[in-house]
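Data block below; observations after.
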Amino acid sequence: MSQPVPVPGSKPGLYQKGKNKTAERAVPLVVAAIGPSERILVGARVESGPSMWWALLSDWVVFFRKYYYMVLTEHHVVLVRNSKLSGRPKQVEATTPRDQVSIADFKPGTVFSRFKYSYPGRAKPLRMRVHRIYRQEIDSILGQLGVFGLGSGEPAGSLPN
């Protein structure tokens with residue numbers, strides 16, 4: 001997985017440790033789905049379902065939310081389903097060739113960025129949200145899928161973080 005290079009003599013922060021742990025747990029599932037010969041480029045935790053703002057009105061929202069770990073490889077996009085309780089990757093939801101994936105309506109946000117993700121075999125696109133902790137990873141994934149232009153990985157007109 002593509003991870004930021006740590007500064008010599010510094011420890012990874014709490015968020016980075018969590019990101020690394022989720023990536024480590026997802027790798028065996030991804031390798032089993034696509035094979036060991038394909039290289040994993042980057043991964044990010046995404047979620048779909050009702051917005052967390054609805055949790056202010058009802059506690060039932062958590063039962064309608066789905067959590068995923070989206071992994072970009074050299075030739076595929078793999079969507080790994082995460083457990084609602086522990087957040088650990090548990091099964092591969094979809095393995096789709098990169099050229100068959102469709103990303104639409106990307107909207108960067110202060111806390112959550114949003115986009116629609118569709119793949120063959122699914123009638124409606126998934127409305128995905130990504131927390132700002134995974135902003136670099138999702139920008140890289142969407143950039144390599146051609147959302148921001150010719151695979152640059154940087155959104156047009158974005159401000160440096």
Side-chain angles (χ1 to χ4, degrees), residues 1-7 10-31 33-34 38-55 61-62 64-74 76-96 98 101-119 122 125-149 151-161:
M1 303 268 167
S2 174
Q3 301 295 332
V5 179
V7 178
S10 69
K11 294 182 186 178
L14 186 62
Y15 290 134
Q16 190 61 42
K17 286 181 184 178
K19 288 164 66 170
N20 292 344
K21 196 66 163 172
T22 303
E24 289 171 12
R25 290 176 176 155
V27 166
L29 295 170
V30 172
V31 169
I34 60 171
E38 196 164 344
R39 191 168 57 103
I40 295 172
L41 302 176
V42 65
R45 185 179 175 275
V46 296
E47 55 191 57
S48 69
S51 171
M52 284 303 290
W53 292 108
W54 287 103
V61 169
V62 295
F64 299 105
R65 297 174 60 80
K66 294 180 183 171
Y67 302 95
Y68 301 97
Y69 192 72
M70 182 184 285
V71 178
L72 181 71
T73 67
E74 293 173 323
H76 292 89
V77 178
V78 182
L79 207 57
V80 179
R81 187 82 173 266
N82 289 355
S83 169
K84 287 183 184 182
L85 297 176
S86 66
R88 294 178 180 207
K90 63 178 186 175
Q91 70 183 20
V92 174
E93 180 90 7
T95 302
T96 312
R98 287 170 71 160
V101 169
S102 174
I103 307 287
D105 299 336
F106 176 72
K107 294 181 178 107
T110 306
V111 178
F112 283 96
S113 298
R114 300 173 303 191
F115 62 94
K116 290 183 180 175
Y117 176 79
S118 60
Y119 54 92
R122 179 153 178 90
L126 286 167
R127 291 177 22 199
M128 298 287 204
R129 278 181 303 285
V130 183
H131 195 273
R132 67 180 175 192
I133 295 169
Y134 285 97
R135 176 70 51 93
Q136 287 180 325
E137 289 84 0
I138 205 65
D139 282 353
S140 176
I141 290 171
L142 297 181
Q144 291 181 46
L145 291 174
V147 172
F148 302 129
S152 64
E154 273 303 310
S158 69
L159 298 173
N161 292 338

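Throughout, numbering of the chain's residues begins at 1 and tracks the sequence.
More than 12 heavy atoms of other shown residues, nucleotides or ligands fall within 6.0 angstrom of atom CZ in Arg81. Under a cut-off of 6.0 angstrom, the local environment of CZ in Arg122 is crowded, with over 12 non-hydrogen atoms contributed by other residues, nucleotides or ligands. Other residues, nucleotides and ligands contribute only 12 or fewer heavy atoms inside 6.0 Å of the NZ atom of Lys116. Surrounding NZ of Lys84 are more than 12 heavy atoms belonging to other residues, nucleotides or ligands, all under 6.0 Å away.
Across all their heavy atoms, Tyr134 and Gly43 have their closest contact at CD2-O, 4.4 Å. Between Ser113 and Pro108, the shortest heavy-atom contact is OG-CA, 3.6 Å. Taking all atoms of both residues into account, the shortest heavy-atom contact from Met70 to Val46 is CB-CG2, 4.3 Å. Heavy-atom minimum distance, Leu72 versus Gln144: CD2-OE1, 3.4 Å. When every heavy atom of Thr110 is checked against every heavy atom of Arg135, the shortest pair comes out as O-NH2, 4.1 Å. Closest heavy-atom contact between Pro89 and Val80: CB-CG1, 3.6 Å.
Atom CZ in Phe115 sits 7.5 Å away from atom CD1 in Ile141 (nearest 0.5 Å). With values rounded to the nearest 0.5 angstrom, Ser86 atom OG is found 7.5 Å from Arg25 atom CZ. For the atom pair NZ (Lys90) and CG (Leu85), the distance works out to 8.5 Å, reported to the nearest 0.5 Å. Note that CG of Leu29 and CD of Gln91 are 9.0 Å apart. Values are rounded to the nearest 0.5 Å. Atoms CD1 and CZ, from Ile138 and Arg45 in turn, are 12.0 Å apart once rounded to the nearest 0.5 Å. Here the CZ-OG distance, from Arg114 to Ser48, works out to 14.0 Å after rounding to the nearest 0.5 Å.
The closest donor-acceptor contact from the side chain of His131 to the backbone of Ile133 lies under 3.5 Å. A side-chain donor-acceptor contact under 3.5 Å links Thr22 to the backbone of Gly18. A side-chain donor-acceptor contact under 3.5 Å links Arg98 to the backbone of Thr73.
Note on ring orientation: taking the six-membered ring where Trp is involved, the planes of Tyr117 and Tyr119 are tilted (angle from 30° to 60°).
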Apply side chain to side chain donor-acceptor pair (under 3.5 Å) to residues Asn20 and Gln16 and explain how you reach the verdict. CA-CA 6 Å; Asn20 292 344; Gln16 190 61 42; 2.9 Å; yes
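When each of Leu142, Val42, Val130 is tested with Glu137 by the rule side chain to side chain contact (heavy atoms under 4.5 Å, CB included), just one qualifies, namely Val42.
For Arg65, the side chain to side chain contact (heavy atoms under 4.5 Å, CB included) partners are Glu47, Pro50, Met52, Val61, Tyr67, Arg129, not counting sequence neighbours.
Contact check for Leu79 versus Leu126: side-chain heavy atoms found under the 4.5 Å cut-off.
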